[in-house]
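Just so we're on the same page: letters track the sequence lines, and every chain starts at 1.
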Protein chains: 2
Amino acid sequence: MPIEIPDVVIDRLPLYYRLLSRLDSEGRSVVSSQELGEELGVTPAQIRKDLSYFGRFGKQGRGYSVPRLLDELKAILGLDGRWKVVVIGIGRLGRAIASYPGFEGQGFDIIALYDASSGLVGTEIEGQRVKDVATLEADLKKTAVDIGIVAVPGEHAQDVVDTLVDAGVHAILNYTPNRVQTPPNVEVRHINPVLFLQSMTYHLKQRRGG
Amino acid sequence: MPIEIPDVVIDRLPLYYRLLSRLDSEGRSVVSSQELGEELGVTPAQIRKDLSYFGRFGKQGRGYSVPRLLDELKAILGLDGRWKVVVIGIGRLGRAIASYPGFEGQGFDIIALYDASSGLVGTEIEGQRVKDVATLEADLKKTAVDIGIVAVPGEHAQDVVDTLVDAGVHAILNYTPNRVQTPPNVEVRHINPVLFLQSMTYHLKQRRGG
DNA sequence: GTGAAATTGCGCACATGCACACAAACGCGC
DNA sequence: GCGCGTTTGTGTGCATGTGCGCAATTTCAC
Ligand SMILES: NC(=O)c1ccc[n+]([C@@H]2O[C@H](COP(=O)([O-])OP(=O)(O)OC[C@H]3O[C@@H](n4cnc5c(N)ncnc54)[C@H](O)[C@@H]3O)[C@@H](O)[C@H]2O)c1
Ligand SMILES: NC(=O)c1ccc[n+]([C@@H]2O[C@H](COP(=O)([O-])OP(=O)(O)OC[C@H]3O[C@@H](n4cnc5c(N)ncnc54)[C@H](O)[C@@H]3O)[C@@H](O)[C@H]2O)c1
């Protein structure tokens with residue numbers, strides 16, 4: 001690997017991908033970095049530079065072929081296959097996640113749901129039988145899973161993550177407010193709406209007080 | 001305002017705040033930037049510099065008083081009062097949000113729930129009567145609201161946001177996958193788990209393919 | 001076929017954010 | 001009250017990321 005690709009670039013690619021998907025479904029065949037930039041609120045130069053890390057996909061004087069660029073991004077991000085996902089913690093949030101069509105639609109197959117409550121285990125949620133979290137470890141050893149989505153109460157997050165990581169899961173989406181420790185070769189993303197609210201209140205306060 | 005405070009700094013303050021809250025509840029009275037840094041995975045210098053934008057809260061040779069620093073952060077972030085929040089779209093996700101105790105516990109009062117479905121309007125969710133979204137505009141004019149949480153289907157997000165913004169709401173937490181346009185004086189945060197998954201798959205692919 | 005308009009890819013300069021390192025300040029033990 | 005270990009606040013250099021500007025290339029009209 002000659003050049004190292006910055007993480008900020010990787011984080012922007014899904015945004016490009018999403019916009020390209022929309023343009024493609026609208027039948028657009030060509031688009032310029034200018035137009036992409038306007039739509040996403042970033043500079044055209046930014047987009048061109050980001051894409052140039054991976055190849056020369058555009059044509060001068062014309063722009064980018066929408067289906068071509070979409071395919072390239074698909075390959076770069078690994079969205080040309082399907083990924084196996086499990087959800088742990090099928091409470092109110094977990095149920096919303098399990099029923100969200102946006103995951104399946106984007107190549108993420110929710111192959112199992114896990115909970116610890118005896119009242120829930122065995123029931124059907126969105127056509128899936130909820131399994132006992134006690135069987136998670138054994139299941140993971142039988143069937144490799146790519147991504148774990150964690151929606152248990154915060155105090156159990158680390159335990160669940162440890163089980164996932166020990167069984168070879170290398171990507172975790174953590175909905176609990178607790179930070180979890182993982183080895184460096186595991187990707188973790190935290191979703192905590194309260195942190196967003198708290199940074200917004202700073203700005204609200206600024207606007208008022210001056 | 002002599003110095004401009006970078007947004008990245010503001011975004012880190014809630015992390016510090018959360019850790020300080022925990023330490024405070026554990027009875028800790030003093031903490032060093034070293035220890036804060038270890039816990040959060042950032043350098044001690046980073047933390048000291050961030051805090052120094054707002055004042056000199058530490059004591060050399062000792063560290064920071066936990067209750068003192070907690071109070072300072074509370075004041076800086078505007079968490080010393082309460083904020084009025086409404087949730088629009090009381091589907092599966094909206095219900096999970098409405099029932100999440102983490103908002104009330106941090107000073108965010110969910111004062112009303114809105115939906116468009118006649119089947120939902122009038123029903124009780126978590127002790128709140130679901131109101132008709134048609135009354136949102138009029139309600140906002142009567143009672144000022146600080147933050148709007150949007151959990152409607154993506155295609156209605158812009159409409160709902162326009163209503164909120166027109167009525168003077170300056171902070172929006174958008175759970176839909178659609179980006180929304182707002183004037184520059186409105187704070188918007190997007191929560192889109194799919195974007196996280198898609199950046200994680202890039203890294204997963206890297207690890208496999210090399 | 002030729003000139004004009006458009007748009008990419010990229011070198012380069014600038015801005016921003018981060019970590020280091022150190023003087024100044026504090027607490028504690030004796 | 002003095003010296004030693006600790007830790008802050010900040011000046012400074014460095015790395016990283018962003019935007020500008022332009023040559024090279026392509027399209028299109030006539
Ligand atoms: N509801 C929200 O909008 C929201 C928002 C942000 C964060 N969160 C976080 O998401 C998590 C879940 O929230 P919720 O509202 O769905 O809570 P919930 O109480 O409705 O659901 C939690 C579920 O996890 C199960 N569980 C408990 N321990 C478990 C374990 N060790 N293994 C597997 N399952 C276990 C419980 O049986 C329950 O079904 C919490 O950490 C919460 O802080 C929720
Ligand atoms: N469920 C998830 O985990 C999840 C995850 C990520 C994103 N999202 C997004 O969150 C949003 C809601 O998801 P959901 O699973 O709760 O969907 P849902 O269909 O269960 O709920 C949507 C609710 O919005 C109401 N609604 C529709 N139009 C409205 C309007 N104009 N004003 C007010 N209310 C209106 C509907 O009556 C319904 O009750 C969607 O945009 C979805 O893409 C959901």
**Q** With the threshold set at 4.0 Å, does a side-chain nitrogen-carboxylate oxygen contact exist between B/Glu72 and B/Lys74?
**A**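 Salt bridge absent between B/Glu72 and B/Lys74.
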
**Q** How close or far is atom C1' of D/dT16 from atom CD1 of A/Ile5, stated in whole angstroms?
**A**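 The answer, rounded to whole Å, is 15 Å.
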
**Q** For the pair B/Arg22 and B/Glu39, find out whether any cationic side-chain nitrogen is under 4.0 Å from an anionic carboxylate oxygen.
**A**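 B/Glu39 and B/Arg22: salt-bridged.
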
**Q** What nucleotide among D/dT7, C/dG9, D/dG9 has an atom nearest to a side-chain atom of A/Tyr64?
**A**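 For the A/Tyr64 side chain, the nearest candidate turns out to be C/dG9.
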
**Q** Regarding A/Asp109 and A/Arg82, does a basic nitrogen lie under 4.0 Å from an acidic carboxylate oxygen?
**A**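 Yes, this pair counts.
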
**Q** Side chain of A/Gln60: nearest nucleotide among D/dT26, D/dG19, D/dT8?
**A**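 The closest nucleotide is D/dT26.
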
**Q** Return no unless some side-chain N or O of A/Thr43 is found under 4.0 Å from OP1 or OP2 of D/dG19.
**A**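 Checking D/dG19 against A/Thr43, a side-chain N or O does come within under 4.0 Å of OP1 or OP2.
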
**Q** For the CD1 atom of B/Ile191 and the OG1 atom of B/Thr176, what is their distance to the nearest 0.5 Å?
**A**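 That separation rounds to 11.0 Å.
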
**Q** Using whole Å, report how far NZ of A/Lys59 lies from P of D/dT27.
**A**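 Whole-Å distance recorded here is 6 Å.
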
**Q** For a quick check, tell me whether the side chain of B/Arg48 and the base of D/dG9 share a donor-acceptor pair closer than 3.5 Å.
**A**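 Such a pair exists between side chain and base.
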
**Q** Calculate the interatomic distance between B/Phe54 atom CZ and D/dT10 atom C1'; express it in whole Å.
**A**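 Whole-Å distance recorded here is 16 Å.
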
**Q** Would one find a side-chain N or O of B/Tyr53 under 4.0 angstrom from OP1 or OP2 of C/dG17?
**A**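 For C/dG17, OP1/OP2 do not have a side-chain N/O of B/Tyr53 under 4.0 Å.
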
**Q** Starting at atom CZ of B/Arg12, determine the distance to atom C1' of C/dA19, rounded to an integer number of angstrom.
**A**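 Whole-Å distance recorded here is 12 Å.
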
**Q** Exactly one of B/Val180, B/Val165, B/Ile88 should register a side chain to side chain contact (heavy atoms under 4.5 Å, CB included) with B/Val160. Which one does?
**A**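 Exactly one option meets the side chain to side chain contact (heavy atoms under 4.5 Å, CB included) with B/Val160, and it is B/Ile88.
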
**Q** Starting at atom CG of B/Leu51, determine the distance to atom C1' of D/dT7, rounded to an integer number of angstrom.
**A**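 About 13 Å, once rounded to whole Å.
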
**Q** State whether the distance check finds a donor on one side and an acceptor on the other, under 3.5 Å, for side chain A/Lys49 versus base C/dG9.
**A**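 Under the 3.5 Å cut-off, the side chain and the base do not form any donor-acceptor pair.
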
**Q** Just how far, in rounded Å, is C1' of C/dA23 from CZ of B/Arg56?
**A**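 B/Arg56 atom CZ is separated from C/dA23 atom C1' by 12 Å.
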
**Q** Starting at atom CD of B/Glu72, determine the distance to atom P of D/dG9, rounded to an integer number of angstrom.
**A**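 My rounded result for the distance is 11 Å.
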
**Q** Any side-chain N or O of A/Ser33 below 4.0 angstrom from OP1/OP2 of C/dT7?
**A**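 No.
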
**Q** Rounded to whole angstrom units, what separation is found between the CD atom of B/Gln46 and the P atom of D/dT7?
**A**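 My rounded result for the distance is 19 Å.
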
**Q** Hey, which sits more toward the 5' end of DNA chain D by its nearest nucleotide, A/Val8 or B/Ser52?
**A**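 Whichever sits nearer the 5' end wins; that is B/Ser52.
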
